[in-house]
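Note sheet for the following structure.
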Amino acid sequence: MQEEQIREVLNAHWKASADGDANAEHDIYHDDAICDYPQSGERILGRKNLQALRSHHPGKPSGFQVKRILGKGDLWITEYTIVYQGRPAFTVSIMEFRDGKVAHETQYFADPFEAPSWRSQWVQRIA
């Protein structure tokens with residue numbers, strides 16, 4: 001699969017995620033895909049389990065914004081913000097493709113925090 005095709009598949013995946021279309025969202029995964037959530041120590045085995053888990057999330061996302069997608073070959077990274085119950089979660093998804101579908105994904109979720117004033121002289125604020 002060419003990189004342009006993978007980018008199109010990723011764009012369709014993230015759009016389906018934002019739209020709440022669980023079937024289209026999970027078309028990107030192999031049936032035996034693995035998804036890891038390192039921060040909670042969880043591993044989801046298989047596309048069906050991943051779709052079921054996400055479909056039963058009690059705090060359905062109310063906002064979704066892709067910041068950027070970077071990748072080459074079979075390794076692709078997406079940075080995005082997802083809003084759950086009014087709170088943004090800054091998220092990184094690392095996807096490893098096999099034969100045009102995701103075989104392994106690792107997702108990291110981070111809560112926003114207030115920047116400490118002591119470092120303000122060396123930083124620039126971003127949105």
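Tracing side-chain contacts under 4.5 Å through hydrophobic residues (I, L, V, M, F, W, Y), one never reaches I34 starting from Y37; they form parts of separate clusters. When hydrophobic clusters are built by joining Ile, Leu, Val, Met, Phe, Trp and Tyr residues whose side-chain heavy atoms come closer than 4.5 Å, directly or via intermediates, L10 is grouped together with V102.
Note that CH2 of W76 and OG1 of T78 are 9.0 Å apart. Values are rounded to the nearest 0.5 Å. The line from CD of E96 to CD1 of I77 is 10.0 Å long, rounded to the nearest 0.5 Å. Note that NE2 of H13 is 9.5 Å distant from CD1 of I69, once rounded to the nearest 0.5 Å. I44 contributes atom CD1, which lies 9.0 Å from atom OH of Y29 (distance to the nearest 0.5 angstrom). We find the CD-OG distance between Q124 and S120 to be 12.5 Å, quoted to the nearest 0.5 Å. Expressed to the nearest 0.5 Å, how far CG of L70 lies from CD1 of I94 amounts to 11.0 Å.
Around atom CZ of R7, more than 12 heavy atoms belonging to other residues, nucleotides or ligands sit under 6.0 Å away. Counting heavy-atom neighbours within 6.0 Å of H57 NE2, excluding the residue itself, gives a total above 12. No more than 12 heavy atoms of other residues, nucleotides or ligands shown are found within 6.0 angstrom of OH on Y108.
K67 is linked by a salt bridge (charged side-chain N to carboxylate O under 4.0 Å, His left out) to nothing, counting only residues two or more places apart in sequence or in another chain. Judged as a salt bridge (charged side-chain N to carboxylate O under 4.0 Å, His left out), and not counting sequence neighbours, the contacts of D36 are R43. Contacts of E42 classified as side chain to side chain donor-acceptor pair (under 3.5 Å), with partners at least two apart in sequence or in another chain: S40. Here D111 pairs with nothing under the side chain to side chain donor-acceptor pair (under 3.5 Å) rule; sequence neighbours left out. Partners of R68 under the side chain to side chain donor-acceptor pair (under 3.5 Å) rule, at least two apart in sequence or in another chain, are E79. Applying the salt bridge (charged side-chain N to carboxylate O under 4.0 Å, His left out) criterion to D19, with sequence neighbours excluded, gives K15.
Screening K101, R47, R98 for a salt bridge (Lys or Arg N to Asp or Glu O under 4.0 Å) involving D32 leaves a single residue, R98.
Listed here is the closest heavy atom pair of A115 and R125: CB-NH1, 3.2 Å. G71 approaches E3 most closely through the heavy-atom pair O-OE1, 4.5 Å. Contact record, C35 with R54: SG-NH2, 4.1 Å, taken as the closest heavy-atom pair.
Of the possible donor and acceptor atoms, one in the side chain of Q39 sits under 3.5 Å from a partner among the backbone N and O of F109. S55 places no side-chain N or O within 3.5 Å of a backbone atom of L53 that could act as its donor or acceptor partner. For the pair Q5 (side chain) and Q2 (backbone), a donor-acceptor distance under 3.5 Å is present.
Between P38 and T106, the closest side-chain pair of non-hydrogen atoms falls below 4.5 Å. Residues I28 and F97 have side chains in contact (heavy-atom distance under 4.5 Å, counting atoms from C-beta outward).
Between the side chains of S93 and E105, a donor-acceptor pair is found at a separation under 3.5 Å. Residues Q65 and T81 have side chains that never bring a donor and an acceptor to within less than 3.5 angstrom of each other.
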